[in-house]
Amino acid sequence: MIINELIKNFKLIFRNWSSLLLLILGPLAIILIIGLTFSGGDPHSIVIGVNDKGEFSKQLTSFATIVAYDDTDRCVQDMQHARVHLCIEAETKGKDLLAQGKVRFLYDESRKKLSNLLVAEIREVLGKSAEDISIAATTTILDQIQELVVFLSDKQTDIDAFVDEAKLTREQLVERGERLATLHAEFVPKYNEIKTIQQRLNNATDNSNQSVQSVLDEIRQTRQSLHDLMAVVNDSLQLTGFSLPLVSYNLTNSSAQLFFQNGTALLNRSTNSSLIASAIVAHSAATLDGELDVLANTTNATYDELLGAKKQIDDAVAVLDQAKVLLDEELAFNNEAIRRIDSSVARLEQVKDELQEGINELIIYDPSLAELLVKPILEEFDVVKPFRNVQIVFPGLVVMVLVFITLLFATILTLSEVNAAAYFRNLIAPVSSLWYPLGILLTNIVLVLFQLTVLLVIAEFQLGIPVFSHAGEVYGLATLLIILFSALGMSIALYVRSEQTAVLATTFFALGSYLFSDLLTPLELMPKGVAQVAAFNPVVITGELFRTLFAYQIPLSELALIVLGVYTFFALVLLVIMHYRHIARKK
Amino acid sequence: MSTILALSHVAKSFGKVSVLKNLSLKMKEGETIGLIGPSGCGKSTVFRIILGYYAPDEGSISFRGKKLNIKKLRRIVGYTTQDDSFYAKLTVMENMMYYARLYSVRQKNLKKHVIELLKDVQLAHAKDQFVSNLSGGMRRRLNFAISLVHDPELLIMDEPTTGLDPLLVEQFWSVVNKVKKKGKTVLVSSHILDEIEQNCDRVALMANGRIQKIIKPHNVLAQFRKL
């Protein structure tokens, strides 16, 4: 039965040359238009008006014709008259590190799509320029920082050398200090000994002085006494005719000789013992006096020597005092020097560490990081997968083509059938009247799938859009969509009955489906409530399924298919209702 | 002859308009009954009720004493429509085959059966012609042939010769009579009294929604005027 219907329907369609041509040429024309329209690349034939007080516009000549304006308002007027696509007011100043500028874009929001594209292109150029300038400046600064790092590293080396020298000097000072300490340790006891000796000597000298004076006094007194004695004796001797001084005498037991200064030997002992004794006494006294004189001289000499020695010792001790002071001072100075060196070395080490910290902080600023510093947050806009324009629009267009064709074909076929002369005869045939709309439905499915196949073949082999890799899913989804919209189109035809009105109603329905979808405006840009409703538009659902399938080969969402299935079910129910309503009205 | 079709007290209204009121008619097997009446009297309604297209508000329809469901009734009733009722863009043969399959005609060689039928209606020579290329008479014969494709026992013809010239009318009836010889029962409506008188066994006069009188096919006009 159904085959009978299909054969009849296809014969009727194919015997209409215009329909046949439309069936084959229609999808070809559509896909050709799609391919031509969306195969473009970068924008072209762009005219940009620029009021430029610098040299900004030179950067834009690569993708647009630049028209210079002195007055931005004139440019805006021309833009409103579509003579220019965009107006730019630019002012740049400064050079190199100090280059800066201000750019103002005036774009026509009534041509938002193109304007947004142009602004994005220019932003990329501009951003790149500003970025390049910043990067160049930053690179220069970083180069200088690196030079500073090298300089600081050199100074660090110098500091190391200073520290080494200081340490060497310290070592020498320590060594010297040790020697000084050793010397000091040896010197001080000796010094103290010497000082003690000096003191003792001073004391002794003082004491000696007194003693010497006392001795000299006594010697003097003794000599005086002797002189007195000698005088007496001399007087006595003179009396004898001898004179002093007695030079020597030689006393023996047997004789005694006195030799006086004139060499006269004195008498023998036996002669005048008292004289001899006096002579001896006188001689002895003279001798003693002489000896006392010698003693006094010796004592004086010794005392003088002692004084001399004392003086020498005092001088030496004075020198030793100075030496000690110097030694102490040297030792103290040495220690102080060591301490200062330690302190300086510690400070130098600290400075070196601080320098190193600074170097460590600065060394990371390699000139190669200039770009990173200018753009600390690296923005990488990577497409997950690149698509050409035609690939982007293809899923949505396929859906719309399917919807429009399905609706129109369904309406026209239905109207052709119900308005056909044979329709009444069909209704009185001994079969369910539902076979006829079912036949139309299936005929429509086959027709539209054929058109879809033409679309897909050209898309696959001409436009390079891979669609047949998931042919089963594509056709399955398309069939569901076709059934849904066929049922709707047929329902419209059965409800309206007038061909003109039905075609209009179908067209408006298709248009409404298109406008209330994300093919023109993303759902995310619609008012929230509207978007929530639009999300249930079968055009939106199917478009999304096709998009993910063609773009990423993601299998069809079960939930979406269920939703479409429910829509289709209700559309079929509607069709059945409309069918019986139509028959009832016909009666 | 047995009664093949019986309409008993059938009534049918469309909205407030009562088209058929207590209409009763019995047809014997093999006879040809002409149904005449003024335009709008309900002739087509009677036919459509017989075909099951309309359900009667009252009364009953029985075939050979049995009430049949619509499908079974349609298998044994053939209907020649007043207007052309086929697909002009199909050929004669294609139209016939389509309806043969639609009526589930089970023949070993369906094509041969259809060609034979076309021969009966003198259209075999034009079987491969598109219907749009046929003359008026040929179209009527095709219309007639289609109503016979399933070999119905009862044939209903609703003003089958309207618009045909007398020659074509004669031609048409010669075909019908030829087919009638196979034992078909025919119920035909027409405004052409001559063809009714010449071709019918009985004439049912219809007025005011009911069969007023069933008469012999003589002086039909005079009888009708009396109503």
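Remember, predicted model here, so these are calculated numbers, not experimental data. The sequence lines fix the lettering, A, B, ..., with proteins before strands; numbering per chain opens at 1.
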Check your understanding: CZ of A/Arg585: more than 12 outside heavy atoms within 6.0 angstrom?
Key -> yes
Review point. Does the side chain of B/Tyr87 come under 3.5 Å of the side chain of A/Asn426 through a donor N or O and an acceptor N or O?
Key: yes
Practice item. For B/Lys89, look at atom NZ and say whether over 12 heavy atoms of other residues, nucleotides or ligands are found less than 6.0 Å away. Key: no
Exercise for review: Can you check whether anything in residues 61-79 of chain B gets within less than 4.5 Å of chain A, heavy-atom wise, and list it by number?
Suggested key: B/Lys71, B/Arg74, B/Arg75, B/Tyr79
Review point. Mind checking whether A/Lys11 and B/Glu94 have side chains closer than 4.5 Å, heavy atoms only?
Key: yes
Point to revise | Minimum side-chain heavy-atom gap A/Glu5-B/Leu102 below 4.5 Å | key: yes
Review point. When you measure from the side chain of A/Asn4 to the backbone N and O of B/Arg101, does any donor-acceptor pair fall under 3.5 Å?
Key: no
Practice item. Assess whether atom OH of A/Tyr580 is packed by more than 12 heavy atoms of other residues, nucleotides or ligands within 6.0 Å. Key: yes
Review point. Is it the backbone or the side chain of B/Ser104 that comes under 4.5 Å from a heavy atom of chain A, or both, or neither?
Key: neither
Exercise for review: Please step through side-chain contact (heavy atoms from CB on, under 4.5 Å) for the pair A/Arg15 and B/Leu90, ending with a clear verdict.
Suggested key: CA-CA 8 Å; A/Arg15 278 169 193 171; B/Leu90 298 180; 3.5 Å; yes
Study note, to complete from the structure: Residue from B/Tyr98, B/Tyr54, B/Phe14 scoring the most non-hydrogen pairs under 4.5 Å with chain A is B/Tyr98
Practice item. Residue by residue, scan residues 114-134 of chain B and write down, ordered by number, those that have a heavy-atom distance under 4.5 Å to chain A; if none do, write 'none'. Key: B/Phe130
Practice item. Give a yes or no on whether A/Phe10 atom CZ has more than 12 heavy-atom contacts from other residues, nucleotides or ligands under 6.0 Å away. Key: yes
Practice item. Identify which part of B/Asn143 has an atom lying under 4.5 Å from any heavy atom of chain A, answering side chain, backbone, both or neither. Key: both
Study note, to complete from the structure: Against chain B, residues from residues 416-425 of chain A with at least one heavy atom under 4.5 Å, in numeric order, are A/Glu417, A/Ala420, A/Ala421, A/Ala422, A/Phe424, A/Arg425
Review point. Which residues from residues 37-51 of chain B are near chain A, with near meaning under 4.5 Å between non-hydrogen atoms?
Key: B/Arg48, B/Leu51
Practice item. Answer yes or no: are there more than 12 heavy-atom neighbours, outside A/Phe468 itself, under 6.0 Å from its atom CZ? Key: yes
**Study point:** When A/Ile583, A/Ile428, A/Ile3 are compared by non-hydrogen pairs under 4.5 Å with chain B, the top option
**Key:** A/Ile428
